[in-house]
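Everything below concerns the one structure shown next.
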Amino acid sequence: MNSVESVVTQIQGLSGSVADIAALHTYLKQADESLHAESTRLLPFLDQLEPSIHSLGYLYILEACTAGPISKEQAKTLVILFSRFITSCVAEQIRLAPDKFVSVCKRFKDQVMLLEAPMRGVAPMLAALRKLQSSNVHLTTLHPEFLQLCLLSKSYKSGLSILDDDILEVDQPRDLFLYCYYGGMICIGQKRFQKALELLHNVVTAPMSSINAIAVQAYKKYILVSLIHQGQFSTSLPKYASSAAQRNLKNFCQPYIELASTYTTGKISELETYVQTSREKFESDSNLGLVKQVVSSMYKRNIQRLTQTYLTLSLQDIANRVKLNSAKEAEMHVLQMIQDGEIYATINQKDGMVRFLEDPEQYKTCGMINHVDSSIQRIMKLSKKLTAMDEHMSCDPLYLAKAGRERQRFDFDDFDSVPQKFNI
């Protein structure tokens, strides 16, 4: 049995070269059980170690000494300790023990939650997931933890910083579900509805053998965001969605399906009546705020329809046609839609007339060309990555063995009757 003192001595002596750290890792794995047995007296020994130099050893001791229950009073001290370690540790060392690092980071998150201070966890958790990542396309189990902290602290912009990464490698399926669900909620908070739709769509169409609660909640928000952003919703899922989702999702989301059906009538009074009668259901899902945005979006859709028929209309006419209370309300809606780029129009304040215009974008500016070029480059990179993944999978012995068991076997003799020449 290794004493704590001897473990600390080994950590101090073997944290220099790559070879030393590899030897230290072997030693620490053997000493791990002893460290947990001495967990109550480990904390003071961390003062003898420097997180930026002795990262691996510090991690083992920190994980062992915080394995038990932690009180709110203890959390006040430990949060500072965890935060300092996470922000200053060396990525190459902690990646040797990724499970322990993840465990420590999740405990840190639990402690900031215990202290009701999620904002204190945002920056350290972002640093943690970046250190754990092998590349920007790698989704770690800390991604959803970080996004949850961003949601709880309303640090939406911090959350957006990781949502533009193209995720191609996933450790655990549940991490992907939560990453896309929390990410979708952050994008909703920032009114980036197109990105929110992409993320929620990923949850709904991801492979699943049975329906899970995350997918159900994502589908509800997916319906609402579709109505807000696109003014319509299709109940048909794409063919690549799992059979479990195809069969069951709608059954769990009937009030939302009915809301979408009422929305398509274009009648604001019917929509408002339905929302009022189903208010408790939407409120219990914490979706009432989004539902109210759906109602507001119907006014916008109806105003957009007017642009397809009229060149000019008075604000009072607009208010009458889309069932708004006054010309002033109509003006506020039109101004907001102009600002958001949803319609192109000018308002003559003197006579209260609105003139609808054509889209001024000619798609020939330098900015637009750069935008198109960057999109093409991104698609090319994704295509190359997809090809590489396909080639890797086609050589994977486990995949080939499974595919071989499931497909029909053919002998060369089976193809003897196939003609070698064709007459056209």
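None of the values given here were measured: they were computed from a predicted structure.
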Indicate whether any N or O donor in one side chain lies under 3.5 Å from an N or O acceptor in the other, for Arg279 and Gln276.
-> no

Ser278 side chain to Tyr274 backbone, donor-acceptor under 3.5 Å | yes

Listed by chain and number, what are the salt bridge (Lys or Arg N to Asp or Glu O under 4.0 Å) partners of Lys220, not counting sequence neighbours?
-> Asp285

If you measure from the Lys or Arg side-chain nitrogens to the Asp or Glu carboxylate oxygens, is any gap between Asp164 and Arg192 under 4.0 Å?
-> yes

Mind running side chain to side chain donor-acceptor pair (under 3.5 Å) on Lys191 and Gln293 for me, showing each step along the way?
-> CA-CA 11 Å; Lys191 297 197 180 297; Gln293 289 186 59; 3.1 Å; yes

Apply ring-ring contact (aromatic ring centres under 6.0 Å, His included) to Phe85 and list each qualifying residue two or more places apart in sequence or on a separate chain.
-> Tyr58

Indicate whether any N or O donor in one side chain lies under 3.5 Å from an N or O acceptor in the other, for Gln148 and Lys109.
-> yes

Any donor-acceptor pair under 3.5 Å from Ser103 side chain to Asp99 backbone | no

Distance-minimising heavy-atom pair for Ser161 and Arg130 | O-NH2, 3.7 Å

Begin with the C-alpha distance, continue with both residues' side-chain angles, and end with the deciding distance and a verdict on side chain to side chain contact (heavy atoms under 4.5 Å, CB included) for Asp20 and Ser15.
-> CA-CA 6 Å; Asp20 282 348; Ser15 294; over 6 Å; no

Using the benzene-type ring in the case of Trp, are the ring centres of Tyr256 and Phe282 under 6.0 Å apart?
-> yes

Point-to-point distance, once rounded to the nearest 0.5 Å, from CD of Gln172 to OG1 of Thr140 = 11.5 Å

Between Asn248 (side chain) and Ala244 (backbone), is there a donor-acceptor pair under 3.5 Å?
-> yes

Passes side chain to side chain donor-acceptor pair (under 3.5 Å), Gln308 versus Arg305? Steps please.
-> CA-CA 5 Å; Gln308 298 166 12; Arg305 289 191 187 98; over 6 Å; no

Which distance, rounded to the nearest 0.5 Å, do you find between the CZ of Phe82 and the CG of Asp110?
-> 9.5 Å

Output for pair (Cys150 SG, Leu147 CG), nearest 0.5 Å, gives 6.0 Å

Should Leu224 and Phe233 count as side-chain neighbours, where that means a heavy-atom distance under 4.5 Å?
-> no

Ser155 (side chain) donor-acceptor with Ser158 (main chain) under 3.5 angstrom | no

With a cut-off of 6.0 Å (strictly less than), are more than 12 heavy atoms of other residues, nucleotides or ligands near CD of Glu280?
-> no

Would you confirm whether Ser261, through its side chain, and Ile257, through its main-chain N or O, come within 3.5 Å as a donor-acceptor pair?
-> no

Minimum heavy-atom separation for Ser153 to Val122, with atom names?
-> OG-CG2, 3.5 Å

Residues Arg41 and Glu5 bridged, charged N to O under 4.0 Å | yes

With the side chain counted from C-beta on, respond yes when Tyr182 and Phe146 share a heavy-atom pair under 4.5 Å apart, and no when they do not.
-> no

About how many Å separate OG1 of Thr66 and CZ of Phe108, when rounded to the nearest 0.5 Å?
-> 12.5 Å

Which residue, Leu96, Leu14, Val90, forms the side chain to side chain contact (heavy atoms under 4.5 Å, CB included) with Ile21?
-> Leu96

Are any side-chain N or O atoms of Arg301 and backbone N or O atoms of Ile228, one a donor and one an acceptor, separated by less than 3.5 Å?
-> yes

Closest heavy-atom pair and its distance - Tyr344, Glu358 = CB-O, 3.8 Å

What one should report as the nearest heavy-atom pair of Ala196 and Ile188 is CB-CG1, 3.9 Å

How close do Gln48 and Val8 get, heavy atom to heavy atom, and via which atoms?
-> OE1-CG1, 3.6 Å

Point-to-point distance, once rounded to the nearest 0.5 Å, from CG of Leu35 to CG of Leu28 | 7.0 Å

Heavy atoms from other residues, nucleotides or ligands near CE of Met332 exceed 12 (cutoff 6.0 Å) | no

Straight-line distance of Leu199 CG to Leu163 CG, nearest 0.5 Å | 6.0 Å

Determine whether Leu129 and Leu126 make a side-chain contact, defined as any pair of heavy atoms from C-beta on separated by less than 4.5 Å.
-> yes

Quick one: does Met113's side chain get under 4.5 Å of Leu149's, heavy atoms only?
-> yes

Assess the side chains of His138 and Asp165: does a donor N or O sit below 3.5 Å from an acceptor N or O?
-> no

Side-chain donor-acceptor contact under 3.5 Å, Ser297 with Tyr263 | yes

Can His36 and Glu63 be counted as having a side-chain donor-acceptor contact under 3.5 angstrom?
-> yes

Could you tell me which residues satisfy side-chain contact (heavy atoms from CB on, under 4.5 Å) with Glu270, sequence neighbours excluded, listed by chain and number?
-> Thr262, Thr265, Lys267

Are Glu92 and Arg95 close enough for a salt bridge, meaning some N to O gap below 4.0 Å?
-> no

State, to 0.1 Å, how close Lys131 and Ala91 come at their nearest heavy-atom pair, and which atoms those are.
-> O-CB, 3.7 Å

Could you tell me whether the side chain of Gln254 and the main chain of Lys250 form a donor-acceptor pair under 3.5 Å?
-> yes

Is there side-chain contact between Ile318 and Asn302, with at least one heavy-atom pair below 4.5 Å?
-> no

Got a salt bridge between Lys100 and Asp32, using NZ or NE/NH1/NH2 to carboxylate O under 4.0 Å?
-> yes

On the 0 to 90° scale, with breaks at 30° and 60°, tag the His229-Phe193 ring pair as parallel, tilted or perpendicular.
-> tilted

Would you say Glu272's side chain and Val295's backbone share a donor-acceptor pair under 3.5 angstrom?
-> no

Taking side chain as C-beta onward, heavy atoms only, is Phe177 less than 4.5 Å from Asn202?
-> no

Taking the side chain as every heavy atom from C-beta outward, state whether Leu160 and Ile186 have any pair of such atoms under 4.5 Å apart.
-> yes

So, does His54 use its side chain to make a donor-acceptor pair with the main chain of Glu50 at under 3.5 Å?
-> yes

Could you walk me through whether Ile80 and Arg84 pass side chain to side chain contact (heavy atoms under 4.5 Å, CB included), step by step?
-> CA-CA 6 Å; Ile80 299 169; Arg84 178 171 171 256; 5.5 Å; no

Would you say the side-chain atoms of Asp171 and Thr141 include a donor-acceptor pair closer than 3.5 Å?
-> no

Compare all side-chain heavy atoms of Tyr60 with those of Ser55 and state whether any distance is below 4.5 angstrom.
-> no

Might you work through the side chain to side chain contact (heavy atoms under 4.5 Å, CB included) test for Val294 and Ile223, ending with a clear yes or no?
-> CA-CA 10 Å; Val294 169; Ile223 294 170; over 6 Å; no

Check for a donor-acceptor pair, side chain of Ser52 on one end and backbone N or O of Cys89 on the other, with a separation under 3.5 Å.
-> no

Could you tell me whether the side chains of Glu331 and Gln336 share a donor-acceptor contact shorter than 3.5 Å?
-> no

Are Ile11 and Ile61 close enough, and set up right, to give a side chain to side chain contact (heavy atoms under 4.5 Å, CB included), and what steps lead you there?
-> CA-CA 10 Å; Ile11 292 169; Ile61 293 180; 3.8 Å; yes

